[in-house]
Amino acid sequence: MTRYNPKETEPRWRKAWDDAQSFRTRTPAEAGDKPKAYVLEMFPYPSGRIHVGHVRNYAMGDVVARFKRAQGFNVLHPMGWDAFGMPAENAAMERGINPKAWTYENIAAMRDQLKMLGLSIDWSREFATCDRAYYGRQQRLFLELYKRGLVYRREATVNWDPVDHTVLSNEQVIDGRGWRSNALVEKKKLTQWFLRITDYADALLDGLKTLEGHWPDKVRLMQENWIGRSKGLRLSFRLAEPAPAAFEALEVYTTRPDTLFGASFLAVAPDHPLAEALAAQSADVAAFVADCRRGGTSEAEIEGAEKKGYDTGLMVEHPFDPAIKLPVWIANFVLMEYGAGAIFGCAAHDQRDLDFARKYALPVHPVVLPNGADATTFDVGAEAYVGPGRIFNSRFLDGMEIEAAKVAAIARVEEQGQGEGATVYRLRDWGVSRQRYWGCPIPIVHCLKCGPVAETRLPVDLPDDVTFDVPGNPLLRHPTWKHTTCPTCGGAAERETDTLDTFVDSSWYFARFTDPDAEPPIDREAADYWLPVDQYIGGVEHAVLHLLYARFITRALKDDGVLGVEEPFAGLFTQGMVTHETYRVMANEPRFVSPAEVEQQNGALVEIATRLPVEVGDPIKMSKSKKNTVAPEDIFATYGVDAARLFVLSDSPPERDVQWTEAGVEGSWRFVNRVWAEAEAAAEAVQIDADEAQTVALRRATHKLIKAVTEALSSFRFNAGIAQFYGFLNTLKRLDKADLAQRRAAVQTLIVLINPIAPHLAESAWEKLGGTGMVVDAPWPVYDPALAMDEVLTLPVQINGKRRGEVFAPPGASQADVEAIAMADEAVMRHLEGVTVRKVIVVQDRIINIVAN
RNA sequence: GCGGACGUGGCGGAAUCGGUAGACGCAGCGGACUUAAAAUCCGUUGGCCAUAGGCCGUCCGGGUUCAAUUCCCGGCGUCCGCACCA
């Protein structure tokens, strides 16, 4: 017996697959009537090295792709690089390396590492988003959208990342900090390019319903909340005299028109045009507005932020009774970007309004009476009442339920011509301008005569000769690049120096993969054949970023006729992270040390170099700063790729985090060797026909395995599937009497089943057993349902719900038979002494429960 | 604050239709092999009492049911998302 030797076998099989072009995508013609399956993992950013998280992500995708292949699907399983972005520029600034050279070197290094994983990828389709061939075509798509009016430019208050010197989208601001730099984001006014994602708010929201059951509920819910559709009323309050010129009325948005009679004030955002107009005339107002701007947006600041207001002295008339006058305030808690940038405050039924009213001694008028409360005594204290009830103190709305009152109030306002029912969204348009070099140049030329015009001379190339010695956008200060002529009038003009958010790059790459050599950005025929992606796999961190943008771009391109599908990803799976314990040496200066720097000593961990004791922390996401990372190459060198693939899939359900442990990989490595040992042993035997010569027990065990593994792999329960293999090996051991020839047939089936998970091992074992060709081409086994169950079932017998014994019966035995067998059981009879049987429940092939007392 | 998920041995987890709780792995314990160790193999492993056998047990409290880890109500805890969104 020899030990399995991954160092020898793994490279050999990768070359064999390569030579045989095993993973070349078949054309639709070649595929014939085979159904297609597009399996895709979120493409990586080329940081330079793969980490264990990549191993898990791509191992999962590979299992699905190989499984589908074996099941007879025509599979597309490509790989590429999300290659634009900040780190390349940071490397340039820190180390003086050219971003392009840095990126392509990283791609080369990571490609080698990824190839080591033995993925069933069609590498001939590989591209990087920073390839001229890709971003040039992206510019063409951008101009398509521009022509359709989905691109516009406006001055906007933007999220400015002071560290990365660029604008961030709302989606990229996490707790008030930049998602990459972690710097506190500032508000800044800049002229920016936007994509009209809000035009698609309803479509994107409604489209989520079609993904039900195919996308995680969590992700659909997050997108739903992010889009944040709310139905309400826009209405205008007439300003009472004297009002500033140009402000005859003040528009507000509300979702609670039923509480209009409870209004006690109006409030506008500090950056509302009215507030700005007043600030221009009054130093007091200006000071207040400036004070509001200083407030940060971080969690802690919002939590502790006090409601602040400034009474403008202006009054408005209530739409239902001009005699009722309400004061107009400027309030720090009103957001300009949402609704109308102004609200009416109903203190009794909104907590924020109540807090504000209490602070500034504004009146509180309850208008919703909780069921069972007394109208003459009901009042709110420190807590606003937001529950159900009937409207009161509200004239024509009195006595109505909340929903009925909303309808009635909206109808009255519309009738008066003072407003209309409206739907507003939390979602804002997607700001795509980035003041960075390493991205796709926005193909627009600014002409003094013509204004901004589409650049027709595509692609707009990124210049290679740029400098990073000072912060800011190198394109802006490049001596010649931006100077050009107007494509319309031929006069002198300047190029747009902003580049596109890299999330634009990843919003259509999956379509480009369907024909990466096509002259148009997307070959409609290829895209129609392959799209949508049948199974997309990636991290949940993209739930509202990439996954929302890609859905938007797909819909926009469909409306352009460029694509034929509305949803890019028919199935989505979000995998969990790989975690590791943290190790810390508690010296004078406590410091983290890496798993490679510690070892066991007398049952405790010590740092190898210093022998100092190591404190073990909870498993958390692997990160450089916590030093709790392991290098995939080291694992591959010690245990082989297949043991690593097995481990990342075996210990936890794939959607949950998995904790990387040395002991766990060793377990997988043991398993690899057990399979290999079985193959070696079985290879000594002659080949037989399993159906004719195998014992029934072994045949049944084999068919049960096929059934269980097929079901596990179909439903992303890889951990449960792998457990089946362990169980099967244990069964083989117990059936030791079965002769080797019989086992050989069983092992052969196991090899085909394990191929998607441990492909190198499977090929080696297949070869050892003299299988035809390579196992990569072997069809998926089919089980016989009649054989995939036990010959005799063990049925527990309960008496009054407590398990008192077990009896044996063949599957499908009649209720009467099973009951008779149970009643004759010795243990059962003993427990039934002295009591009367009232009822016997027999669940077919499951259980017997006897009710007795 | 709003929304959501989850809570099972020492640990990761299984039980996907309401039907034997703890599959499978890790760690532990005992043994074989070895001069010894590693590796490997065999056995054992939820807790408590015990001779057979029994009692308890899936975060806590209640409920529905012949039967609840699973369904319902109320708590507690952990994690995730959003967050002054009118």
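Convention: sequence-line order gives letters A, B, ...; per-chain numbering from 1.
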Novice: When you get a sec, tell me which of B/G53, B/A23, B/C85 is the closest nucleotide to the side chain of A/Ala723?
Specialist: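 Nearest nucleotide to the side chain: B/A23.
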Novice: According to the interplanar angle, ranging from 0 to 90°, do the rings of A/Phe671 and A/Phe725 count as parallel (below 30°), tilted (30 to 60°) or perpendicular (above 60°)?
Specialist: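 It falls in the tilted class, 30° to 60°.
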Novice: Are A/Glu383 and A/Tyr385 close enough that a side-chain donor and a side-chain acceptor fall under 3.5 Å?
Specialist: no
Novice: In B/S/- notation, 5' to 3', how is nucleotides 5-14 of chain B contacted by protein heavy atoms closer than 4.0 Å?
Specialist: -------SSS
Novice: Looking at A/Arg830 and A/Glu826, is any side-chain nitrogen of the basic one under 4.0 Å from a carboxylate oxygen of the acidic one?
Specialist: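 Salt bridge flag = no for A/Arg830 with A/Glu826.
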Novice: Remember a base hit wins even if backbone is also touched, and classify A/Tyr726 as base, sugar-phosphate or nothing at under 4.0 Å, heavy atoms.
Specialist: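 Sugar-phosphate only.
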Novice: Taking only the side-chain nitrogens and oxygens of A/Arg426, find out if one of them lies under 4.0 Å from OP1 or OP2 of B/A83.
Specialist: yes
Novice: A/Gly667 near the nucleic acid: base, sugar-phosphate alone, or nothing, with a heavy-atom cut-off under 4.0 Å?
Specialist: sugar-phosphate
Novice: Taking only heavy atoms on the protein side, list every residue of residues 258-274 of chain A lying under 4.0 Å from any atom of RNA chain B, sorted numerically.
Specialist: none
Novice: Taking any heavy-atom pair under 4.0 Å as a contact, classify A/Lys308: base, sugar-phosphate, or nothing.
Specialist: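 The residue A/Lys308 makes no contact with any strand.
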Novice: Of all the nucleotides listed (B/A86, B/A83, B/C42), which has the minimum atom distance to the side chain of A/Trp226?
Specialist: B/A83
Novice: Just name whichever nucleotide pairs with B/C66, Watson-Crick or G-U, keeping both distances under 3.5 Å, else none.
Specialist: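 Checking every strand shown, B/C66 finds its partner in B/G19, with both distances under 3.5 Å.
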Novice: Respond yes when some side-chain nitrogen or oxygen of A/Arg674 is under 4.0 Å from OP1 or OP2 of B/C24, and no when none is.
Specialist: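 For A/Arg674, the contact criterion (side-chain N or O under 4.0 Å from OP1 or OP2 of B/C24) is not met.
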Novice: Is there, by distance only and without an angle test, a donor paired with an acceptor across the side chain of A/Arg229 and the base of B/C85 below 3.5 Å?
Specialist: no
Novice: Do the charged groups of A/Asp355 and A/Arg352 touch, with an N to O distance under 4.0 Å?
Specialist: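 Answer for the salt bridge query: no.
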Novice: With sugar-phosphate meaning primed atoms plus P, OP1 and OP2, does A/Arg804 contact a base, only sugar-phosphate, or nothing at under 4.0 Å between heavy atoms?
Specialist: sugar-phosphate
Novice: If we call it a pair only when both distances are under 3.5 Å in a Watson-Crick or G-U wobble match, what pairs with B/U44?
Specialist: B/G28
Novice: Using the purine O4'-C1'-N9-C4 or pyrimidine O4'-C1'-N1-C2 torsion, is B/G9 syn (within 90° of 0) or anti?
Specialist: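 B/G9: syn glycosidic orientation.
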Novice: Applying a 4.0 Å non-hydrogen cut-off, can you work out what A/Asn730 is touching in the nucleic acid: base, sugar-phosphate, or nothing?
Specialist: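 A/Asn730: backbone/sugar contact only, no base atoms under 4.0 Å.
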Novice: Determine the Euclidean distance between corresponding C1' atoms of B/A23 and B/C71; express it in Å to zero decimal places.
Specialist: 24 Å
Novice: Nearest to the side chain of A/Gln798, heavy atoms from C-beta on, is which of B/A67, B/C85, B/C42?
Specialist: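 Out of B/A67, B/C85, B/C42, the nucleotide with an atom closest to A/Gln798's side chain is B/A67.
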Novice: Tell me the interatomic distance from A/Ile227, atom CD1, to B/G81, atom P, rounded to whole angstroms.
Specialist: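 It is 18 Å, rounded to the nearest whole Å.
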Novice: Using atom P in both nucleotides, what's the gap between B/G62 and B/G57 to the nearest angstrom?
Specialist: 11 Å
Novice: Contacts to RNA chain B from residues 838-849 of chain A, heavy-atom cutoff under 4.0 Å, which residues?
Specialist: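 Residues of residues 838-849 of chain A under 4.0 Å from RNA chain B: A/Ile841, A/Val843, A/Arg846, A/Ile847, A/Asn849.
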Novice: Can you tell me if A/Arg352 touches the phosphate of B/C85, counting only side-chain N or O atoms and a distance under 4.0 Å to OP1 or OP2?
Specialist: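 For B/C85, OP1/OP2 do have a side-chain N/O of A/Arg352 under 4.0 Å.
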Novice: What is the distance from CZ of A/Arg670 to C1' of B/G25, rounded to the nearest Å?
Specialist: 9 Å
Novice: Would you mind reporting whether A/Ser264 and A/Phe344 have side-chain heavy atoms less than 4.5 Å apart?
Specialist: no
Novice: Return the 5'-most residue of the pair A/Gly801, A/Thr794 with respect to RNA chain B, ranking by each residue's nearest nucleotide.
Specialist: A/Thr794
Novice: Should the pair A/Lys307 and A/Phe356 be classed as cation-pi, given the thresholds of under 6.0 Å to the six-membered ring centre and 45° from the axis?
Specialist: no
Novice: Describe the nucleic acid contact of A/His831 in one word from base, sugar-phosphate, nothing, applying a heavy-atom distance below 4.0 Å.
Specialist: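 Since only primed, P, OP1 and OP2 atoms lie under 4.0 Å of A/His831, the category is sugar-phosphate.
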